[in-house]
Structure formats: C-alpha cells, structure tokens
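Starting from 1, each residue takes its place in the sequence as its number.
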Amino acid sequence: MEKLPPGTSKQLKVHSSKLYFTVPFREIEQTLQFINKKISDQGLPFTTLKLVNIKKTDHHTLKAELTVSNIEQKRSVDKIVVKGYEKFPKSYLSYFLKLKTGRTLNLSEIKEQTNLLQEIPFASQIKDPEILFSKDSTILYVYIEKVKSNTFDGFLGFGTNEETSKLELTGYLNLELTNNLNSGESLSLAYRSDESDQKSFNVNVNLPYLFNTPIGTELELNIFKKDSSFTTADQSARINYQFNPKNQFSVGIKSTKSNNLLSSENLNPFIKDYETSFYTVGYRFSNRSKEQSIFKRNAAIQLETGIGNREIASNKDQQYQYNLNAFKIFNLNFKNSIYVRTNSFGLFSDSYLENELSRFGGINSIRGFEENSLNASFYGLLATEYRYSLSSNLYVHSIIDIAYFENKIIDQKEKLYSFGFGFGLNTKAGLLRFNYANGKSENQSFKLSNSKIHLSLSALF
C-alpha cells in the first residue's frame, strides 16, 4: 500500500492501518486499471499489476496480495517531434501546451495538454499523440495541421439622413493576419468611414512569447478624424504575460495627442489641443468553442483600466478610465442559443473635452444607431440575440439592445433601446451577417425612418 502513487488511496476504501483496501468483486478489474493508470502517470508506463495468493476468507470475501511487476527507472520525455506542421512555433509547445523535454512521462497529462490545440486559432490536432519507446529514449510525437486563420471583415450600412432625407452608406474594413511567419504573431488593420464624416484607422501588432519566454508584447496605433473639427492619435504599448491558454495579464502605457482643426471663427470651447499619458493594467480571457460551428469562440472578456494625466497647454488634470468588452454564448440545445454581449467605458476627470469622449453606436455596439454617432464620458450597454439554427450554416436571430450613457459636457443622461432581427449565413466566401434594427432614446417614439440595415462579411483565408 505504501507504494501506491500519492492520492490513489484517497479514492480507494483504504483501511486506517493502510495495510489493505476493500473493493466489490465486480469492480476489481476497473480498480486495477485505475491503479495501473496512476502508476503509469508516474513515468512507469510498462508496470503491470497482479493479484496473487487468492484465498477465500468467508462466503462473501476473498483475500489477495497485490503485486507490482516490470518496475523500471522512471521515464521522461527526451524529444518532442511535431508531425504535419513541422514549423509549429516551439514557444507554443513550451508555454501554451506546456510540453517540455525532461519532464516525467505522464500519458494522461500529455493528452490533456495536446487537447489545448483547440484554443489556438491557427492549428488543430490531427490525431492523438503517440510515444515511441526505445531502450534509452522516449520520443513524443504530436500530430498538428496548420489551418486558415487570416480574416477579412467588412460591412455596408444603409441609413436615411434626417436633414437631407437621402440614403447614406457607411463602410468598414478589417484585415487580420495571423501566424503568417509561423511564430504565432498577429497583425490587424481596420479602417472605418462613418455617416457623420468620421474616419478612423487602427493597426495592432501582437508578438507572443518573445525570445521563447511567456512574455509577449503588443503595439497599437489608432487615428480618428472628425470632419473638420479635430484629429486624435492614440498610441499604446503593452507587455503581456500568458498565465495559461485562456488567461492573459498585461501592463502598458498609452499616450494620446489631439489637435483642434477648427478655425478661430468656428471655435468650439470644448475642443482643444491636448496630450495624455496613461499607465494601464489589463486582463483577457478567451474560450474557443469545442463544437464544430460557425461560432469559433463562445466566451471572451477584455478589461483594461488606467490612470494618467491630461495636459492642456501647461495645465495638468489627473484622469482615470476603464474599458470592458465581453460576450458569452449560452447553448440551450443543438439548435437554440442565446448570445449576450456587454461593453462599457468610463472616463473620470475634473473637466471634459469633446475630442476625448468615447464614441459608440452601430453594428459593434448598440445596433439601430449610426456608427460612432454617440459621444459619452461613460456608457454601458447590453446586446442580446436569441439564435435559432436552421442548419449548420444558417441561423436567424432577434436583436434586443439596451444602453445607458452620460455626457458630462452637456450634462446628458440617456437610455437607449434597439429592437430588430437578423441572420447569419456561412458561405464559401465567409460568414455573411444581416442586421435590421430600429433604435430609439427613452423619450422618443419608434420611427421606421430611424431603422438601420447592416451587412457584414467575414472571410477566412
């Protein structure tokens, strides 16, 4: 009994003297397999168990001795060979899958670790890992294939201009390149042109596991232009630590510079030149879907908060801010699911400028409103969809969105509502989404003219 692996006796009916344990006759084979597996996970894969000296003690009880044979020196993984995708990033083997040479061979742990490949967007497991034993070495073979992970996303929005009563179009393009250099890196480019003559450009570079360590870095640049009023440029740099495949922590610095473009005749007292610098901390959680479906992820959380200073001329004000993005898909059964997404932003300061407020509204926030048409010093929204799958490639859904926002400049506090419907179709070109939504404020009645139609196509290549 003393030779049993740690923790094994807790799952067996071991006598207090630790000299024997009892087990129902029908469970003998299952129990021996359980003990053998525990011993094998200690780096002894060839160990066998045997019951000897079997004796009958009474009409209902048998007594036997448990012997262990083929005990050899513990085995460890001497080499890891990737088959199928030979250029698979070695850093992902070490820090994401946590497969390293020199570790005690544990077959159950290796299988659990290779199953984590489903969390990596650019790779998948072809079949279960295999182990080649020789007299002097143990070689682990992992079977991986590279999958398409680059995406192109875009949409067209249709709406009626309330002043001109003319149809207006909006556009959005997003390109994400992932693992093209076989290091797990990602590059994203996004461009948006909105109805109110607003343009934005964003570029993000993510380099994980630098120098074969669990530390990575992320660089981001965002440029926003509001007609002829102002431009704002945000730059940020983060250092990321991948705690495990689903959880990541970060610290970073973010700087902003905004320029007033208005002429002296059209001067707005709430639009000024300013600069800010923030120190930030962040957390990310991501969980990919285990089922083969058009929804690759079923949950995600991204939270970042920071403290810094805003400088106007020679005056400094301390500020705090946070940004939260999260969603979850609740699968009720094979055909029915509920999608819930929440977004929130908060800027806390003694004074506010129009060109530092957050802009939201549209397909990626509260639907039924023009893209980035709402300015807020604080907002929180909840977007929901009830989804019904008509087939593996087609689903229809409802739209019920609720938001609350504040604009401290004009002392505005308002609730927003949006209702509508849509569908998603997985085509050869990618996922085509259609949304029809009508948005209103708390004290406003519904008008068909306020309805928005959004089309988007996410292509994988």
Q) Would you call K127 and E130 a salt bridge, taking side-chain N to carboxylate O under 4.0 Å as the test? A)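 Yes, charged N to carboxylate O under 4.0 Å.
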
Q) Is the shortest distance from a Lys or Arg side-chain nitrogen in R367 or E385 to a carboxylate oxygen in the other one below 4.0 Å? A)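 Result for this pair is yes, salt bridge flagged.
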
So, [X] versus [Y]: side-chain donor-acceptor pair below 3.5 Å or not?
| X | Y | value |
| --- | --- | --- |
| S183 | Y209 | no |
| S277 | S255 | no |
| Y436 | S451 | yes |
| E304 | N323 | no |
| E145 | Q125 | no |
| T138 | R75 | yes |
| S349 | Q319 | yes |
| N331 | N298 | no |
| S137 | S134 | yes |
| S108 | K37 | yes |

Is the number of heavy atoms from other residues, nucleotides or ligands within 6.0 Å of [atom1] ([X]) greater than 12?
| X | atom1 | value |
| --- | --- | --- |
| K98 | NZ | yes |
| R433 | CZ | no |
| K100 | NZ | yes |
| L221 | CG | yes |
| E27 | CD | yes |
| K148 | NZ | no |
| F334 | CZ | no |
| K146 | NZ | yes |

Enter the distance from [X]:[atom1] to [Y]:[atom2] here, rounded to the nearest 0.5 Å.
| X | Y | atom1 | atom2 | value |
| --- | --- | --- | --- | --- |
| Y320 | I307 | OH | CD1 | 4.0 Å |
| Q235 | I223 | CD | CD1 | 8.5 Å |
| K83 | I144 | NZ | CD1 | 12.5 Å |
| N438 | Y417 | CG | OH | 14.5 Å |
| T151 | K296 | OG1 | NZ | 12.0 Å |
| N393 | N426 | CG | CG | 5.0 Å |

So [Y] and [X], do their side chains get closer than 4.5 Å, heavy atoms only?
| X | Y | answer |
| --- | --- | --- |
| F249 | F243 | yes |
| I338 | V340 | yes |
| V396 | L390 | yes |
| N179 | P89 | yes |
| V81 | L140 | no |
| Y191 | K199 | yes |
| P45 | L105 | yes |
| I363 | S456 | yes |

Does any N or O in the side chain of [X] come within less than 3.5 Å of the main-chain N or O of [Y], such that one atom is a donor and the other an acceptor?
| X | Y | value |
| --- | --- | --- |
| T61 | T57 | no |
| S149 | T178 | yes |
| S358 | A376 | no |
| N115 | K111 | yes |
| T114 | P129 | no |
| S40 | N36 | no |

Quick one: list whatever passes ring pair (Phe, Tyr, Trp, His ring centres under 6.0 Å) with [X], sequence neighbours left out.
| X | answer |
| --- | --- |
| F419 | F446 |
| F46 | F133 |
| F360 | Y379, F405 |

Q: Kindly indicate, with the supporting measurements, whether the criterion salt bridge (charged side-chain N to carboxylate O under 4.0 Å, His left out) is fulfilled by E29 and R26.
A: CA-CA 8 Å; E29 182 177 359; R26 63 180 179 274; over 6 Å; no

Q: Quick one: list whatever passes side-chain hydrogen bond (donor to acceptor under 3.5 Å, both in side chains) with N343, sequence neighbours left out.
A: N325, R341

Q.
Tell me every residue that passes side-chain hydrogen bond (donor to acceptor under 3.5 Å, both in side chains) with N247, counting only those two or more places apart in sequence or in another chain.
A.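 N247 satisfies side-chain hydrogen bond (donor to acceptor under 3.5 Å, both in side chains) with N244, Y283 only.
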
Q | Pair E220-R238, salt bridge (charged side-chain N to carboxylate O under 4.0 Å, His left out): steps then yes or no | A | CA-CA 9 Å; E220 188 171 7; R238 303 178 184 91; 3.4 Å; yes

Q: Tell me, with the steps shown, if T101 and D78 meet side chain to side chain contact (heavy atoms under 4.5 Å, CB included).
A: CA-CA 5 Å; T101 57; D78 299 306; over 6 Å; no

Q.
If you take the centroid of each ring, where Trp contributes its six-membered ring, are F122 and Y92 closer together than 6.0 Å?
A.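 Yes - the distance between ring centres of Y92 and F122 falls below the 6.0 Å cut-off.
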
Q) Does the separation of the ring centres of Y386 and Y395 fall below 6.0 angstrom? A) no

Q.
Would Y404 and F378 count as a side chain to side chain contact (heavy atoms under 4.5 Å, CB included) here? Give the steps.
A. CA-CA 8 Å; Y404 170 80; F378 166 83; 3.9 Å; yes

**Q.** Test: R359 cationic atom under 6.0 Å from F345 six-membered ring centre, within 45° of axis
**A.** no

Q: Would you please test S286 and R297 for side chain to side chain contact (heavy atoms under 4.5 Å, CB included) and show each step?
A: CA-CA 7 Å; S286 179; R297 294 190 301 167; 3.3 Å; yes

Q | Closest non-hydrogen atom pair between I253 and T280, with its separation | A |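 The answer is N-OG1, 4.1 Å.
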
Q. Tell me the side-chain hydrogen bond (donor to acceptor under 3.5 Å, both in side chains) pairs involving residues 210-219, sequence neighbours left out?
A.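 For residues 210-219: N204-E218, E218-R284.
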
Q: Start with the C-alpha gap between F423 and F434, add the side-chain angles, then the distance that decides, and say whether ring pair (Phe, Tyr, Trp, His ring centres under 6.0 Å) holds.
A: CA-CA 5 Å; F423 69 83; F434 170 89; 5.4 Å; yes

